[in-house]
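Read through the structure below, which is laid out as structure tokens, and then see the notes.
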Amino acid sequence: MTALPNLHYYVTGNTAEGLVNHLDTNLYKINQVIALKHPSARLKTAIVKKLAELYKNSNLEILESALGNDYLDGIIISEKSLAFIDANVATMSTETLDLTNSFPAKKQELSAVNRLTQKAYDSFAEGLKIHDELEDIYINQMDFGHADKFAEQFINDLLKDIPKKNRQPHTYTRLFGTNTADGVVNVVPHLVKNIKNVHYIKGRAGTGKSTFMKRIAAACAGNGLDVEMYYCSFDPNSVDMVLVRELDFCIFDSTDPHEFFPQKESDNIVDLYDEFIAAGTDEKFETEIYNTNAQYKSCMKEGIRYLKEAGEKRQAIEDQFMAAISDDDVAQCALSIRN
């Protein structure tokens, strides 16, 4: 049997409000949640990867990790109503497997890692305050009446031929990327690759991108459609993407640091700066915008630097532990878990 395509996304993220966790909404209709408990995140990731291989003929949801590209938070196998989740991420579980029975280990000394991670959060928080100042410039130049009418028309066009479903819809909350020890990462190309109708939102801070998408999400849910809402990994109260698979539809914030451009004829650009903001705003406030943006980016770079330092310290700890673990050991453990 040919392996089915897997879905990759994040449920955890390093934000201006600290670590966020969206796991719960993604365990909808999952009856068996197995939490993997062990001090080593690398070991748990290795076991999750082996489990993914064992379930390769199923359509898997791969939970990427805010720790970096070398880690995973878990996998969800919807067709089997089953999930394997890192116990540090699992907010609920039906069973906890203590892997120290097979791989004895002491608690890791992560005080330096945690201290650097908190410094990153503090830098992001300072960056958010500055970012709010940037937003204020554009908010004060916005035509709110036109923004409302534009959103209403967009939603009407999206749903005009879609019959309302008499069912309780579900909204999955996720992230399409986050700030990590490897920098700012995302899986946007993966998420939009097979979606027919993709809308790339352009604009500036404070031009209504998140509010616009929240209205679209609410309207789709009100029509009985399941919605995937991908939150911002910087400001966790802001939405960066709405994806509705039943409509083959996706709309997302396609601005720095996740800027992309249309790849298919059916793709569309929605420029909210041109639509909502008074002409000449960029030029009128050029110096203020430049200085504020520079301060904001400085805070972001500082935060990423702290995450990188934290990642290096974690890596040294993990390398020391994993040196004694073989692939066969991991494979045998994964096989015993599946059985």
Side-chain angles (χ1 to χ4, degrees), residues 6-52 55 58-99 110 114 117 121 124 168-181 185-188 190-191 217 221 226-243 245 307 314 334 337:
N6 295 326
L7 176 63
H8 294 250
Y9 58 88
Y10 293 78
V11 294
T12 56
N14 295 309
T15 79
E17 294 185 4
L19 184 72
V20 297
N21 188 331
H22 289 282
L23 177 65
D24 284 0
T25 64
N26 296 286
L27 295 178
Y28 178 62
K29 293 185 176 180
I30 303 300
N31 295 326
Q32 190 176 11
V33 180
I34 300 174
L36 305 178
K37 184 180 179 181
H38 195 276
S40 171
R42 277 267 298 282
L43 174 67
K44 288 177 286 188
T45 292
I47 291 171
V48 165
K49 287 181 176 179
K50 288 295 183 183
L51 286 166
Y55 287 97
S58 295
N59 195 359
L60 307 178
E61 295 175 35
I62 309 294
L63 309 185
E64 303 290 340
S65 174
L67 293 179
N69 296 333
D70 293 333
Y71 300 88
L72 293 176
D73 282 346
I75 56 171
I76 298 173
I77 314 163
S78 295
E79 66 193 64
K80 297 185 180 298
S81 193
L82 173 65
F84 298 97
I85 309 293
D86 184 327
N88 289 340
V89 175
T91 48
M92 60 81 64
S93 63
T94 57
E95 181 182 356
T96 298
L97 293 182
D98 188 347
L99 301 176
L110 296 175
N114 295 335
T117 302
Y121 295 155
F124 296 150
Q168 182 63 43
H170 183 72
T171 296
Y172 300 88
T173 60
R174 301 167 174 169
L175 302 96
F176 61 52
T178 190
N179 307 298
T180 75
V185 298
N186 70 72
V187 293
V188 170
H190 161 77
L191 289 172
D226 290 344
V227 174
E228 296 172 27
M229 288 182 71
Y230 293 81
Y231 279 84
C232 177
S233 63
F234 170 52
D235 177 359
N237 299 304
S238 181
V239 170
D240 272 354
M241 176 186 281
V242 171
L243 197 156
R245 295 188 185 275
L307 287 181
R314 182 186 296 275
I337 291 171

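These figures come from a predicted structure and were not determined experimentally.
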Which value, rounded to the nearest 0.5 Å, describes the distance between [X] atom [atom1] and [Y] atom [atom2]?
X	Y	atom1	atom2	result
T91	L27	OG1	CG	6.5 Å
M229	D240	CE	CG	10.5 Å
I30	S78	CD1	OG	4.5 Å
L191	E228	CG	CD	7.5 Å
N21	T173	CG	OG1	9.0 Å
N59	E79	CG	CD	6.5 Å

Can you check whether [X] reaches [Y] side chain to side chain, under 4.5 Å on heavy atoms?
X	Y	value
E61	R174	yes
D86	V48	no
D226	T171	no
F124	N179	yes

Please tabulate, for side-chain N and O atoms in residues 67-75, each donor-acceptor pair with protein atoms closer than 3.5 Å (sequence neighbours left out).
| residue | atom | partner | partner atom | Å |
| --- | --- | --- | --- | --- |
| D73 | OD1 | S65 | OG | 3.3 |
| D73 | OD2 | T12 | OG1 | 2.6 |

Provide the closest heavy-atom pair for [X] versus [Y] in the form atom of the first, atom of the second, distance.
X	Y	value
S93	A35	CB-CB, 3.9 Å
K44	L36	CD-O, 3.1 Å
Q32	I34	NE2-CD1, 3.8 Å
I76	A83	CG1-CB, 4.0 Å

Main-chain N/O of [Y] paired to [X] side chain as donor or acceptor, under 3.5 Å:
X	Y	value
T178	N14	yes
H190	H8	yes
T180	L307	no

Ring-plane angle category for Y172 and H170, please: parallel below 30°, perpendicular beyond 60°, tilted otherwise. perpendicular
Name the orientation class of the two ring planes belonging to Y55 and F84 (parallel below 30°, tilted from 30 to 60°, perpendicular beyond 60°).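 Judged by the thresholds at 30° and 60°, the geometry between Y55 and F84 is tilted.
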If the condition is ring-ring contact (aromatic ring centres under 6.0 Å, His included), which residues does Y9 pass it with, not counting sequence neighbours? none
